[in-house]
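Single-structure report; data block below.
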Amino acid sequence: MSDIEVIDVSKRYRIAPGGGPRRLRRLNKLGARKEHWALRDVSFKVGHRESIGLLGRNGSGKSTLLRLLGGVTQPSSGEIRVQRTVSGLLTLGEAFHPLLSGEENAITGAIVAGLTRGQAVRRLAEIAEFAELEEFMDQPLRTYSDGMRLRLAFATAINIDPEILLIDEVLAVGDIRFRDKCMQRLNELRESGVSAVVASHYMGQLQAVCDRALWMADGRIRAIGYVDEVVERYERAMEETAPAREPGGLASKRFGTGDVEIVEVRLVDGAGTTSTSLRAGSAATVVIEYVAHKEVPEAIFGVSVHSVVDGIRYFDFSTAADGQSTGTLKGPGRVQLKLERVDLAAGTYHLDAGVYQSDWDSTFDYLWQAQYFEISSDNQEGAIQRPRTWSMS
Amino acid sequence: MSVAQRVLTRQRKYTWDLTTHLVAREFRLRYRQATLGWIWALASPLARLTVLTFLFTRVVPLGIPNYGVFVFTGLIAWQWFSSGLMSATTSAVDRRELLFRPGVPRSVVPIVSVLTDGLDYLVAFPVLVLFILLGDGIPLTALALPVILLFQVLLTLGLGFMLCSANVYFRDVHLFVNVATLLGWYLTPVFYQARAVPDGFDWVLKINPMAQLLTAYRAVLIDGRLPEPRSFLILAAACVATFALGLSIYRRKSPLFVDEL
């Protein structure tokens, strides 16, 4: 038996000419509202205790599909049959209020997520423990750092005994250790019989928590199948199109307080010219141009390099880990990270860049896929290239 | 108990918990940072009471006996109605995050608004009781008050459901409600007597359910008599019908609200 059956579902949005809701004086131009088909003829099933990953570019229909599965909106045509109770992590902590304590907010979060009051109160200790905020629960939320808020929101949302769980990108936030903890919790839930539909830009995450995957493109299903196969096809396609489609532009995905803003991330090769293609083993410098909108006494800059094909993070460097002080940031500035050798195999990679508060608690700005680049090499095999010599005797 | 029954009971319990929790939270937040807290809920009705009593017993005497009790009875009921209507109208926009939650019953959104404003009424209510006690004492008919309040809630919710649905699509609606409640304050006999309205204009009060409700409140709380049965039955039917109509419009429209928010 399937937990969810999606049958020929399409979803049309009407977009007002100026965006936003209609104005009375535009009433006569109602017909002028543009149509946008966010989903077209989508059909699939989510089996009992099955977990399905959604992948695809921004705007491909993943969020719309999750909203429909959660029943927060209805399809324009087609039908969705849901057999068990759906819980969703479509938004994180939006019901939270800064003046209320962590405890009060956690109770609200749990109730809004589907628990009765009694259940929510009984879960409080568990939520606090998962969020690692036991001693802060009676403090008002406004005193929390971004990281703490996020942990509380996630802990609240995931400790609710769901039957079918919908997750929209929310696994992509938070520090890496906590993210891993969330993934682990998700897998525990799967073992206990929970079905899940998970949208993520992180292929590694999807492979870790999903049985199957569904690749969305322009509102249609491009491919569906075992997660590894779909991810492989998706990444092959991305590899072919990614550098061309986003030529050095800043990423569409970013988050952070914006107190320090990353305005440009570029890659400079050994000869000192900006480039998006490097030879394996050559030198490269990552240049980050930023603007500090307020004075920040000390910050952390981080750069990571990921393979587009498998999502593996090959490098993850930070000024903090390398013991580099940033001094006081104020106004515009530049950070450079010189890599003596980029010993990566041939392929397509992307750089993520971030700037954080000195204790990692708050993210000023974080850019996913800030810059794509390619490594070329005569040798196509293996993940790492190292300087080498053969000898025969 | 069958599985279906158990699910239904769970659902009812959940909706109740969700509603009461959100109402309590909203009310606490309203006066959270004030040192005097919810005492402020009394400030606005008492200030109005003072000004109105001064105006209409000293400046322009209306000759209404026990004017303080008379006006306060109407004042707090009207205030609940108008503020409840306003907050219900903007509730879907104000609490959009709730509508994005799977499993949260959508009708909870305006209901929470109306009930939260009801707590302001509840805070002011003991003051009203005190005034009545200091005056002629509380008549036995006051026991009928909850029934009249219930019909007022149904009326407010019914209109609130409709206006909330409309406001999602036309954000002009809440501005209209603002003007309408301002006019309503004068077109409803809050600070004057219904019978002072000249013949030929009394239809304005006849079609105004709040005018009828205020008459009923004053009958049971001050005059010590029950409302006239025939007109009260019509009023009750109108309130129930408004509620039913509002709820059915809201039920039909709300599933697509998030597309517009």
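Numbers restart at 1 for each chain; the letters A, B, ... are given by sequence-line order, proteins then strands.
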Heavy-atom closest pair (A:Thr116 atom, B:Asp17 atom, distance to 0.1 Å) is CB-OD2, 3.2 Å

CZ of B:Arg25 to OG1 of A:Thr108, rounded to nearest 0.5 Å, is 4.5 Å

Under 4.5 Å to a heavy atom of chain B? For A:Arg117 that would be both

B:Arg106 and A:Gly71 have their tightest heavy-atom pair at NH1-O, 3.2 Å

Checklist entry - Would the number of heavy atoms belonging to other residues, nucleotides or ligands and lying under 6.0 Å from CG of B:Asp202 be above 12? => result yes

Check whether any side-chain N or O of B:Tyr14 sits under 3.5 Å from a backbone N or O of A:Ile111 as a donor-acceptor pair, and report yes or no. yes

Closest non-hydrogen atoms of A:Gly114 and B:Arg10, given as atom of the first, atom of the second and distance, are O-NH2, 2.9 Å

Rounding to 0.5 Å, atoms CZ (B:Phe100) and OG1 (A:Thr73) come to a distance of 8.5 Å

Margin query: Taking the basic N atoms (NZ, or NE/NH1/NH2) and the acidic carboxylate oxygens, is any pair closer than 4.0 Å for B:Asp259 and A:Lys11?
Written below: yes

Most contact-rich option vs chain A, by heavy-atom pairs under 4.5 angstrom, among B:Thr20, B:Val108, B:Leu98, B:Leu256, is B:Leu256

Output for pair (B:Glu260 CD, A:Tyr13 OH), nearest 0.5 Å, gives 10.0 Å

Heavy-atom closest pair (B:Pro102 atom, A:Gly70 atom, distance to 0.1 Å) is CB-O, 3.4 Å

Okay, A:Ile107 and chain B: the region with an atom under 4.5 Å from a heavy atom over there is both

Take a 6.0 Å sphere around CZ of A:Phe44 and say whether it holds more than 12 heavy atoms from other residues, nucleotides or ligands.
yes

So, the part of B:Arg96 with a heavy atom under 4.5 Å from chain A: the answer is side chain

Note to self: Are the side chains of B:Leu99 and A:Val72 in contact, using a 4.5 Å heavy-atom criterion?
What the structure shows: no

